[in-house]
Number of protein chains: 2
Amino acid sequence: MTPGPNVFAAIASPRRREILRLVWRDELSAGAIHQAMPDVTFGAVSLQLRQLEAAGLVESRGEKQFRYYRARHKALGPVARMLERMWDDALWRLKLAAELEASRRGPKARKRKRRKSK
Amino acid sequence: MTPGPNVFAAIASPRRREILRLVWRDELSAGAIHQAMPDVTFGAVSLQLRQLEAAGLVESRGEKQFRYYRARHKALGPVARMLERMWDDALWRLKLAAELEASRRGPKARKRKRRKSK
DNA sequence: CTACTATTTTAGTTTAATCTAAATTACAAC
DNA sequence: GTTGTAATTTAGATTAAACTAAAATAGTAG
């Protein structure tokens with residue numbers, strides 16, 4: 001029940017952390033996970049999923065021809081909160097970057113709601 | 001202040017976790033750390049120390065010809081407790097193993113305080 | 001300065017992780 | 001049975017991490 005040392009190795013890889021983030025709240029099929037990371041093959045994603053599952057960080061369920069994965073928050077212990085904060089921080093940073101981008105395009109346009117596209 | 005992603009990679013290696021454990025409570029010189037892990041060269045230890053320092057997990061101080069290292073608990077956030085529990089668990093396991101050994105050598109000798117040596 | 005000790009750094013090697021492409025399994029629909 | 005889609009597994013290649021041995025740096029003591 002206490003997270004073992006293998007957990008540390010499992011979350012060391014940015015790729016696996018990205019997968020973990022994807023299945024953090026929603027249950028996703030292997031294919032859906034792969035679609036979210038197009039720079040890598042399906043096979044590579046599958047291998048990482050196996051590692052995550054071996055470390056107990058995700059669980060899976062087969063339905064029809066699909067297999068659905070989701071994170072096991074409890075297996076991460078205190079690290080779960082840490083990851084969440086990291087991801088939230090990243091979101092915050094992206095927002096900030098977007099605002100900066102907008103202000104560079106024209107200071108007056110800042111904070112205005114975006115329309116269609118332009 | 002919030003632990004960054006590099007922290008995860010830093011604690012992924014058993015070698016680095018062992019170093020971290022050594023300098024957890026006590027400040028140790030690089031040489032003392034190396035003596036505690038004789039299966040590896042001094043250079044290798046030094047490289048790992050650099051990584052730990054780069055990740056902010058240890059800090060160092062030079063005095064005379066020595067350099068002393070110690071862990072920065074706060075940089076690990078909630079993971080600090082997790083590591084402590086892990087190490088304590090290991091201690092507990094060692095104790096248990098010792099007791100088992102003792103009981104194998106002779107059940108009556110169990111729980112008796114050890115004298116000199118044998 | 002030299003000699004000595006502690007530590008770091010460099011360069012090259014070994015070892016382990018990650019990836020790809022292709023083969024394979026599994027299941028559904030026909 | 002065959003065909004099609006989803007996912008896994010295998011084998012080999014690429015990439016990155018860890019280690020060693022030797023050279024370099026730093027600081028002490030004479």
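Note on naming: letters A, B, ... go to the chains in the order of the sequence lines (proteins, then strands), and numbering restarts at 1 for each one.
When atom types are taken as modelled, the side chain of B/Arg16 and the backbone of B/Ala9 share a donor-acceptor pair closer than 3.5 angstrom.
B/Phe42 is linked by a ring-ring contact (aromatic ring centres under 6.0 Å, His included) to B/His34, counting only residues two or more places apart in sequence or in another chain. Residues satisfying the side chain to side chain donor-acceptor pair (under 3.5 Å) criterion with A/Arg67, sequence neighbours excluded, are A/Ser60. Evaluation of the side-chain contact (heavy atoms from CB on, under 4.5 Å) rule for B/Ala54 yields no partner, not counting sequence neighbours.
Residue pairs that meet the salt bridge (Lys or Arg N to Asp or Glu O under 4.0 Å) test with at least one member in residues 39-60 of chain B, sequence neighbours left out, are B/Arg15-B/Asp39, B/Glu59-B/Arg70, B/Glu59-B/Arg72.
A continuous path of hydrophobic side-chain contacts links B/Met37 to B/Tyr69 [ILVMFWY only; heavy atoms under 4.5 Å]. At a threshold of 4.5 Å between side-chain heavy atoms, the hydrophobic network of Ile, Leu, Val, Met, Phe, Trp and Tyr places A/Trp87 and A/Val79 in one connected group. Residues A/Met86 and B/Leu57 fall within the same hydrophobic cluster, defined by Ile, Leu, Val, Met, Phe, Trp and Tyr side chains chained together at heavy-atom separations under 4.5 Å.
Of the side-chain N and O atoms in A/Tyr69, none sit less than 4.0 angstrom from OP1 or OP2 of D/dA6.
Grouped with B/Phe66 in one hydrophobic cluster are B/Tyr68, the linkage being side-chain heavy-atom contacts under 4.5 Å among Ile, Leu, Val, Met, Phe, Trp and Tyr residues.
Atom CZ of A/Arg50 is separated from atom C1' of D/dT10 by 10 Å (rounded to the nearest Å).
At a threshold of 4.0 angstrom between heavy atoms, the contacts of B/Tyr68 with the nucleic acid are absent.
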Return all side-chain donor-acceptor pairs below 3.5 angstrom for residues 21-32 of chain A, not counting sequence neighbours, or 'none' if the list is empty.
residue, atom, partner, partner atom, Å
A/Arg21, NE, A/Glu18, OE1, 3.3
A/Arg21, NH2, A/Glu18, OE2, 3.0
A/Trp24, NE1, A/Glu84, OE2, 2.9
A/Arg25, NH2, A/Glu84, OE2, 2.9
A/Glu27, OE1, A/Arg61, NH2, 2.8
A/Glu27, OE2, A/Arg61, NE, 3.0
A/Ser29, OG, A/Ala32, N, 3.1

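Taking every nucleotide of DNA chain C with any atom under 4.0 Å from a non-hydrogen atom of chain B, the first and last of them, 5' to 3', are C/dA6 to C/dT10.
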Inset, instruction - Indicate for each nucleotide in nucleotides 13-30 of chain D, in 5' to 3' sequence, whether protein heavy atoms under 4.0 Å reach the base (B), only the sugar-phosphate (S), or nothing (-). - result: -----SSB------SS--

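Contacts between residues 22-38 of chain B and DNA chain C, defined by a heavy-atom separation below 4.0 Å, involve B/Ser29, B/Ala30, B/Gly31, listed by number.
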